[in-house]
Amino acid sequence: PKARQAPSDEAQRAAAAALARLELKPKAKRPGAARPVLRGSARLFINMTLPKPPCAQFGACFYLLQEQEEEGAAAPSVSGVYFICPLSGAIVRKDQKEKQLREAIQAYFSVDPVAASIMEIHTFNRDREKVRLCVETMAKYLDNIYLHPEEEKYRKIKLQNKVFQERISCLEGTHKFFQAVGFETKTLPVPGQEATEEFYVLKEEVLSRLEELKDRKEQLLSSEPVRAQLHRQLTLFQPSAAAARFELPHDFFNLSAEELRREQRLRTEAVEKAAMLRTRAMREKEEQREMRKYNYTLLRVRFPDGYILQGTFYARESVSVLYNFVREALRDDWLPFELLGPGGLKLTDESLAFNECGLVPSALLSLAWDAAVMADVEAAAEEQRSPLRPELLARAQSLS
């Protein structure tokens, strides 16, 4: 592809002037409207001032800020980023997902307290190395009981033991696990002293269920964190000339609008000084850093008949995920097709991430059928019909 030329001095000065005009102005007072908004109706793009690297050849447009007057502003393409709780099935906003997970795991204690406590250990303790060391130590305690059930010393765990304190006691969910598998807290005398200490002591009846204890140990070692699943928000739109217009909420950006605005102002001020000094590799590296600022991307796929399929994805997910997303929307998922990025370039390497292809924070792609196969399908069909699933077509919306 032909290399994009660096912006002219005039374009750079225009970008700098537009940024300088942006200033904070309070909203008109009304209930729940204390948050300031940014003035300015111009839409600013990072690629207004920086040449694009080859990896951005798919034509992604980096929206830095999209500030509009409140009156007449377009509605967002999606209302936000949502997640599905795998335990309850509840769909919640991004900022509510951990709260929902906690509530769902807490509710699961009434179903299986051992499994619920294991979920807590693996899900809410962020340091994975500490979790690994913790569960291995806990498994060793259970192993000793299973292998030596006649030895009373293995059925007691001193709570003030240094290893227990440093590896186990400090992590969330561990005490609930010991209680759930059959340990109870007892205060026992210290041999040869008048002092007493607290222990976890295994209940006698658990000794008759040692195989169950072994299973719980394996469950503890093999479990993974419970993760809320990104809700694709699959939407089908009727043919529209507005397919390439995106209005993204702040959920799609790592940085706040204020931080993004400040970074762009600093970048614009430095462009004139640095443009002649930076090598192409340096510019590509900087663009890659920019793309990593996005956690999510909103993608649209336009079909040959004009219908538009939309979904939300992680920016780091691979192109293969999008191919599968499209297949699931087809009446016949075996139909061969290709996806074309902005500019008509084929997305042939399905292992690339969306942010590596420049398809962040939003992009419009096109779908192209295998012409020979579609000709055979149409010839064999008794009537013309859409390749999309009927239930999706029935819910198709207008894209304003």
What distance separates W369 CH2 from E338 CD, expressed to the nearest 0.5 Å? 12.0 Å

Walk me through it: do E98 and R126 pass the test salt bridge (charged side-chain N to carboxylate O under 4.0 Å, His left out)? CA-CA 12 Å; E98 182 165 339; R126 303 300 185 190; 2.7 Å; yes

Carboxylate-amine/guanidinium proximity below 4.0 Å for R128 and E224: no

Test item: R300 side-chain N/O and A243 main-chain N/O as donor-acceptor pair under 3.5 Å: yes

side-chain contact (heavy atoms from CB on, under 4.5 Å) between F177 and T174, intermediate numbers included: CA-CA 5 Å; F177 174 82; T174 53; 5.6 Å; no

Following the transitive rule for hydrophobic clusters with a side-chain heavy-atom cut-off under 4.5 Å over Ile, Leu, Val, Met, Phe, Trp and Tyr, establish whether V190 and L159 coincide in one cluster. no

Gap separating the CG atom of L309 from the CG atom of L234, nearest 0.5 angstrom: 5.0 Å

Taking 4.0 angstrom as the limit, do E218 and K214 come out as a salt bridge? no

Going by ring-ring contact (aromatic ring centres under 6.0 Å, His included), name the residues that satisfy it together with Y314, two or more places apart in sequence or in a different chain. Y296

Would H175 and S169 count as having a side-chain donor-acceptor pair, cut-off 3.5 Å? yes

Using a 4.5 Å cut-off between side-chain heavy atoms of Ile, Leu, Val, Met, Phe, Trp and Tyr, which other residues end up in the same hydrophobic cluster as F199? L188, V201

Any donor-acceptor pair under 3.5 Å linking the side chain of T235 with the backbone of Q233? yes

L213 side, atom CG; L202 side, atom CG - distance, nearest 0.5 Å: 6.5 Å

Going by distance alone, is a donor N or O of one side chain under 3.5 Å from an acceptor N or O of the other, for Q96 and R93? no

D112 side chain to A115 backbone, donor-acceptor under 3.5 Å: yes

Do L399 and Q238 have side chains that approach each other closer than 4.5 Å (heavy atoms only, starting at C-beta)? no

Just so I know, are the side chains of K346 and L339 near enough to count as touching, which here means a heavy-atom distance under 4.5 Å? no

Is the backbone of L220 close enough, under 3.5 Å, to the side chain of H122 for a donor and an acceptor to pair up by distance? yes

Taking the cut-offs as 6.0 angstrom to the six-membered ring centre and 45 degrees off its axis, would you call R232 and Y82 a cation-pi pair? no

Exercise: identify the closest heavy-atom pair between G89 and I84: O-CG2, 4.0 Å

For a side-chain contact (heavy atoms from CB on, under 4.5 Å) check, start with the C-alpha distance between R102 and F124, then their side-chain angles and the critical distance, and finish with the verdict. CA-CA 9 Å; R102 285 188 176 277; F124 300 127; 3.4 Å; yes

Using the salt bridge (charged side-chain N to carboxylate O under 4.0 Å, His left out) rule, take R132 and E136 through it: C-alpha gap first, then chi angles, then the decisive distance, then the call. CA-CA 6 Å; R132 183 191 65 79; E136 287 180 356; 2.9 Å; yes

Any donor-acceptor pair under 3.5 Å linking the side chain of N125 with the backbone of L171? no

Applying a strict under-4.5 Å side-chain criterion to I, L, V, M, F, W and Y, I'd like to know whether F337 and F325 cluster together. yes

Quick one, S351 and V319 - any side-chain contact, counting heavy atoms below 4.5 Å? no

Residues at least two apart in sequence or cross-chain that pass side chain to side chain contact (heavy atoms under 4.5 Å, CB included) with H148, listed by chain then number, are E150, E151, Y154

Minimum-distance pair of heavy atoms, taken over all atoms of A107 and S110: O-OG, 2.8 Å

Starting from the C-alpha separation in whole Å, work towards a yes-or-no answer on side-chain contact (heavy atoms from CB on, under 4.5 Å) for E356 and S318. CA-CA 9 Å; E356 292 177 317; S318 66; over 6 Å; no

Is there a path of hydrophobic side-chain contacts, each under 4.5 Å between heavy atoms of I, L, V, M, F, W or Y residues, that connects Y323 with L367? yes

How long is the span from the NE2 atom in H231 to the NZ atom in K94, to the nearest 0.5 Å? 15.5 Å

So OG of S362 and CZ of R245: to nearest 0.5 Å the spacing works out to 12.5 Å

With a 3.5 Å cut-off and no angle check, do the side chains of T123 and R227 form a donor-acceptor pair? no

Side chains of S366 and R302: do they bring a donor and an acceptor to under 3.5 Å? no

Spell out, as yes or no, whether a donor-acceptor pair under 3.5 Å connects the side chain of N161 to the backbone of V163. yes

Using a strict threshold of under 4.0 Å (side-chain N to carboxylate O), is an ion pair present between D332 and R385? yes

Is there side-chain contact between Y307 and L392, with at least one heavy-atom pair below 4.5 Å? no

Determine, step by step, whether I308 and L236 satisfy the side-chain contact (heavy atoms from CB on, under 4.5 Å) criterion, reporting the C-alpha distance in whole Å, the side-chain angles of both residues, the deciding distance to 0.1 Å, and the verdict. CA-CA 6 Å; I308 303 151; L236 184 67; 5.8 Å; no

Tell me whether E197 is salt-bridged to K186, with the criterion being a basic N under 4.0 Å from an acidic carboxylate O. no

Check whether V321 and V78 end up in the same hydrophobic cluster, where Ile, Leu, Val, Met, Phe, Trp and Tyr are linked by side-chain heavy atoms less than 4.5 Å apart. yes

Residues passing the ring-ring contact (aromatic ring centres under 6.0 Å, His included) test with Y141, sequence neighbours excluded, are none

Answer yes or no: are there more than 12 heavy-atom neighbours, outside E205 itself, under 6.0 Å from its atom CD? yes

Decide whether S88 and Q100 meet the rule of one side-chain donor and one side-chain acceptor closer than 3.5 Å. yes

Considering only heavy atoms from C-beta outward, does the side chain of E317 approach that of L230 to under 4.5 Å? yes

If the condition is side chain to side chain contact (heavy atoms under 4.5 Å, CB included), which residues does K97 pass it with, not counting sequence neighbours? F83, V92, A228

What are the two closest non-hydrogen atoms of I121 and G173, and how far apart are they? CG1-C, 3.6 Å

So do K158 and E198 actually touch side chain to side chain, heavy atoms under 4.5 Å? no

Hey, are the side chains of E184 and Y200 touching, using non-hydrogen atoms and a 4.5 Å cut-off? no

At what distance, to the nearest 0.5 angstrom, does CD of Q310 lie from CZ of F246? 7.0 Å

Between I118 and I145, is there shared hydrophobic-cluster membership here, with clusters defined by ILVMFWY side-chain heavy atoms closer than 4.5 Å? yes

So, for L359 and T297, which heavy atoms are closest and what is the spacing to 0.1 Å? O-OG1, 2.7 Å

List for me each residue that meets ring-ring contact (aromatic ring centres under 6.0 Å, His included) alongside Y146, sequence neighbours excluded, and say none if there are none. none

Examine distances only and state if a side-chain atom of D251 and a backbone atom of G80 form a donor-acceptor pair shorter than 3.5 Å. no

Does NZ or CZ of R316 lie under 6.0 Å from the centre of the six-membered ring of F354, at an angle within 45° of the ring axis? no

Restricting to non-hydrogen atoms, name the atom on G341 and the atom on L347 that form the minimum distance, rounded to 0.1 Å. N-CG, 4.2 Å

What are the two closest heavy atoms between A315 and Y294, and how far apart are they? CB-O, 3.2 Å

Taking C-beta and beyond as the side chain, do L330 and F303 meet within less than 4.5 Å on heavy atoms? yes

